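Here's the structure we're looking at; comments come further down.
All figures in this text were calculated on a predicted structure; none of them were measured in a lab.
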Amino acid sequence: MPLVVALLLAMLTAASYAELATKYPRAGGLHYATRAFGPFAGFVAGFCMLAAGIVSVAALARGFGGDYLSAFVTLPVALVAVVFLGLLALVNARGIKESTRANVVATVVEVGGLVVIVGLGAWAAARRRATRAGSPARRRRRARRPPC
């Protein structure tokens with residue numbers, strides 16, 4: 001149920017941005033907040049976006065250095081996080097094309113992982129359904145039912 005609510009909220013957000021993009025085609029998200037609620041709200045929205053970007057990169061570096069990498073090697077988390085952030089900064093400093101390519105690779109890896117998880121879930125559900133349908137208890141219940 002929470003995923004359905006999140007999906008509905010995401011769809012409402014997308015519809016709102018689509019409406020704003022058609023009304024103000026040359027503006028961005030912060031411009032919408034400034035136009036709708038004034039300059040202070042635009043500043044707060046911009047600051048929140050900046051803070052979210054910083055926090056998300058820090059969380060990504062921490063997660064990469066701690067949880068994911070520790071499955072393979074044992075290195076100090078702070079060192080790995082700093083090296084990871086340095087590599088991201090170098091890719092971004094190299095240029096837009098390289099940054100875009102790195103983002104595409106990361107997106108393909110992430111979507112590929114999600115596809116594998118969804119596929120395994122569908123396979124497990126189908127296997128469970130097949131196992132339940134062919135179980136002796138189910139066959140006995142079907143045999144006891146009178147024909148319609």
Side-chain angles (χ1 to χ4, degrees), residues 1-135 137-138 141-142 148:
M1 185 65 177
L3 289 176
V4 173
V5 173
L7 173 68
L8 291 174
L9 289 175
M11 289 173 61
L12 286 174
T13 302
S16 297
Y17 270 108
E19 178 70 25
L20 287 169
T22 56
K23 189 170 183 176
Y24 306 110
R26 292 198 172 122
L30 298 178
H31 180 75
Y32 302 149
T34 303
R35 294 273 309 220
F37 303 110
F40 182 72
F43 168 76
V44 170
F47 182 78
C48 288
M49 287 179 68
L50 176 68
I54 291 170
V55 169
S56 65
V57 170
L60 178 66
R62 174 70 171 93
F64 178 77
D67 298 333
Y68 300 125
L69 198 62
S70 65
F72 304 107
V73 294
T74 305
L75 293 171
V77 175
L79 174 69
V80 172
V82 168
V83 169
F84 182 70
L85 288 175
L87 288 173
L88 286 178
L90 286 174
V91 168
N92 284 325
R94 178 98 171 128
I96 296 292
K97 284 185 181 179
E98 288 78 8
S99 177
T100 302
R101 286 183 189 136
N103 280 328
V104 167
V105 168
T107 301
V108 166
V109 168
E110 185 175 352
V111 170
L114 291 173
V115 167
V116 167
I117 289 171
V118 169
L120 286 174
W123 174 74
R127 187 172 168 195
R128 182 174 179 194
R129 190 175 304 125
T131 303
R132 267 202 269 154
S135 70
R138 168 116 39 207
R141 277 183 287 196
R142 268 194 242 143
C148 294

Heavy-atom neighbours of Leu3 CG exceed 12 at 6.0 Å
no
The side chain to side chain contact (heavy atoms under 4.5 Å, CB included) partners of Leu120 (sequence neighbours excluded) come to Val116
Which residue pairs pass the side chain to side chain donor-acceptor pair (under 3.5 Å) test with at least one member in residues 94-123, sequence neighbours excluded?
Asn92-Ser99
Over all heavy atoms of both residues, which pair between Ala45 and Ala33 is shortest? Give the atoms and the distance, please.
CB-CB, 4.1 Å
Is it the case that over 12 heavy atoms from other parts of the model lie below 6.0 angstrom from the CD1 atom of Ile96?
no
Side chain to side chain donor-acceptor pair (under 3.5 Å) contacts touching residues 36-56 (sequence neighbours left out)
none
Please, which pairs that meet ring-ring contact (aromatic ring centres under 6.0 Å, His included) have at least one residue in residues 79-110, sequence neighbours excluded?
Phe64-Phe84
What are the two closest heavy atoms between Val91 and Ala102, and how far apart are they?
CG1-CB, 3.9 Å
If we only count heavy atoms from C-beta on, is the Leu8 to Val4 side-chain gap below 4.5 Å?
yes
Apply side chain to side chain contact (heavy atoms under 4.5 Å, CB included) to Val44 and list each qualifying residue two or more places apart in sequence or on a separate chain.
Phe40, Cys48
Enumerate the side chain to side chain donor-acceptor pair (under 3.5 Å) contacts for residues 35-50, please, sequence neighbours excluded, ordered by first and then second residue.
Tyr24-Arg35
